[in-house]
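A note on names: the letters A, B, ... follow the listed sequences, proteins ahead of strands, and every chain is numbered from 1.
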There are 2 protein chains.
Amino acid sequence: MRVGELSKRSGVPVPTIKYYLREGLLPAGVLTSPNQAHYDDEHLRRLRLVRALVDVGGLSIAAVRDVLAAVDTRDDSLHNKLGAVQEAISQPGSVELDPLAVEDVQAFFARQGERECADVTESNVTHMLAAALSAARSVGHGHFRDLLDPYLEGLKIIAQADVEYIARQGSRDDVIEAMVIGTLIGDTVLKAVRRLAHAQVSRDVIGRVGNEPAAN
Amino acid sequence: MRVGELSKRSGVPVPTIKYYLREGLLPAGVLTSPNQAHYDDEHLRRLRLVRALVDVGGLSIAAVRDVLAAVDTRDDSLHNKLGAVQEAISQPGSVELDPLAVEDVQAFFARQGERECADVTESNVTHMLAAALSAARSVGHGHFRDLLDPYLEGLKIIAQADVEYIARQGSRDDVIEAMVIGTLIGDTVLKAVRRLAHAQVSRDVIGRVGNEPAAN
DNA sequence: CGCATATGGATAGTGTACCTTTCCGATAGC
DNA sequence: GCTATCGGAAAGGTACACTATCCATATGCG
């Protein structure tokens with residue numbers, strides 16, 4: 001197909017597709033003449049993936065490029081690829097870390113008996129965690145760290161489901177894409193369902209009229 | 001204090017504070033002369049909250065304004081306030097909904113025996129859920145909906161911890177702020193811990209060399 | 001063949017969001 | 001009195017994600 005049909009089938013405007021081609025988010029089509037190129041279903045699939053990452057995952061164009069680069073790297077174990085994808089989709093942010101929050105993270109790691117984690121800032125993921133706890137501290141919620149253990153408990157169930165979902169995929173390529181989709185779209189789904197769970201608990205516990213805590 | 005000290009104590013540049021004042025994210029200080037104003041610890045606290053919402057929560061200035069408006073509304077039950085805050089922090093996004101994904105959401109609600117949910121788009125939260133499932137479908141992951149139930153199972157533990165954390169707060173104002181912090185910073189913490197859980201499972205299950213699924 | 005439409009490629013422009021800079025006259029505080 | 005800072009307003013700047021324009025060429029229909 002040519003770019004017009006690619007646009008029609010994906011819902012992405014032609015100029016945007018050209019932009020993605022320029023930015024390296026889509027591989028170039030096969031040139032049949034100096035100004036004619038053919039695109040196939042792989043391009044369509046990739047284009048839809050890009051839109052999912054941008055629209056639902058909220059990734060920047062640069063982050064999408066990093067994710068796709070990690071996905072397309074062939075000479076890596078799945079474990080390494082997961083790590084690369086995770087780094088790519090976890091942009092650092094510009095929050096300065098509170099040393100106490102860093103200690104909280106290290107204590108959390110020690111409690112779980114996991115890796116050494118000498119430097120929290122060496123990974124975007126641990127940096128994100130430390131940054132979030134730092135922000136909580138800055139608004140007087142130093143005890144937010146107490147939620148780490150129950151969070152992990154609930155997330156074990158969720159991560160288990162994630163892994164089973166990924167294992168259900170057929171080819172290695174599908175596994176990798178499911179990893180990306182499952183992580184990023186899963187984040188959004190988790191956010192939404194968590195809010196629904198909050199609303200449910202709120203209705204059950206504090207929603208009854210006249211059953212509120214004393215006013216300040 | 002005046003704006004200079006507010007800046008020093010919060011780490012936010014003076015022009016940015018002025019910008020937030022213009023945008024209504026911070027209440028004006030008390031004028032002692034036509035061009036002198038005093039700010040107190042409430043301003044500092046609010047400023048740090050704004051930065052936490054922007055830096056960690058990733059909210060836009062407009063969304064922060066909506067959240068603060070919901071927080072500052074006094075004549076509402078806690079349940080209603082939670083709903084207002086949730087709506088404010090869940091921006092719709094521009095994904096068109098797949099009718100099949102909408103059915104998935106409705107089936108999920110029916111399974112949980114919860115509210116009617118006649119219109120999925122009436123709430124930003126359900127819209128976000130339907131949009132995420134729509135995006136999953138667009139990349140060939142229609143079965144992603146199967147994760148909703150295990151997600152909810154894990155999130156029940158997490159939401160329980162959230163509610164207990166909120167209940168631990170003293171005043172009604174603290175409860176409301178803990179709701180905002182807990183929801184938004186909690187999202188980021190959940191994201192980070194989920195990635196750590198993935199990495200842990202990945203190391204245990206598929207990380208061993210030579211123990212990978214067959215190549216495509 | 002003729003001709004409107006579409007194409008690939010390059011360059012420039014648009015709109016939004018979030019600040020910064022600059023300016024002003026007035027005030028603080030030594 | 002003098003310098004730094006202030007509040008307030010307006011203009012400027014930067015980054016990002018497109019979007020529009022242009023051009024020579026190619027397609028495809030009649």
Tell me the interatomic distance from [X], atom [atom1], to [N], atom [atom2], rounded to whole angstroms.
X: A:L31; N: D:dA26; atom1: CG; atom2: P; value: 11 Å
X: A:L21; N: C:dG9; atom1: CG; atom2: C1'; value: 10 Å
X: B:Y39; N: D:dT5; atom1: OH; atom2: P; value: 16 Å
X: B:L6; N: D:dG7; atom1: CG; atom2: C1'; value: 13 Å
X: A:I17; N: D:dA20; atom1: CD1; atom2: P; value: 14 Å
X: B:E5; N: C:dA28; atom1: CD; atom2: C1'; value: 14 Å
X: B:H43; N: D:dC6; atom1: NE2; atom2: C1'; value: 15 Å
X: A:L26; N: C:dG9; atom1: CG; atom2: P; value: 13 Å

Those residues that, when tested against B:D55, pass salt bridge (Lys or Arg N to Asp or Glu O under 4.0 Å) (two or more places apart): B:R51
Minimal non-hydrogen separation, A:A131 against B:V56, with atom names: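 It is O-CG2, 4.1 Å.
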Carboxylate-amine/guanidinium proximity below 4.0 Å for A:R74 and A:D173: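 Here A:R74 pairs with A:D173 in a salt bridge, since their nearest N and O are under 4.0 Å apart.
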SB check A:D174 A:R168 (cutoff 4.0 Å): no
Aromatic ring proximity B:Y165/A:H143, centre distance under 6.0 Å: no
Summary of protein contacts for nucleotides 15-27 of chain C, nucleotide by nucleotide, where a base hit scores B, a sugar-phosphate-only hit scores S (4.0 Å, heavy atoms): ---BBBB---BBS
Donor on one side chain, acceptor on other, B:D40 and B:H43, under 3.5 Å: yes
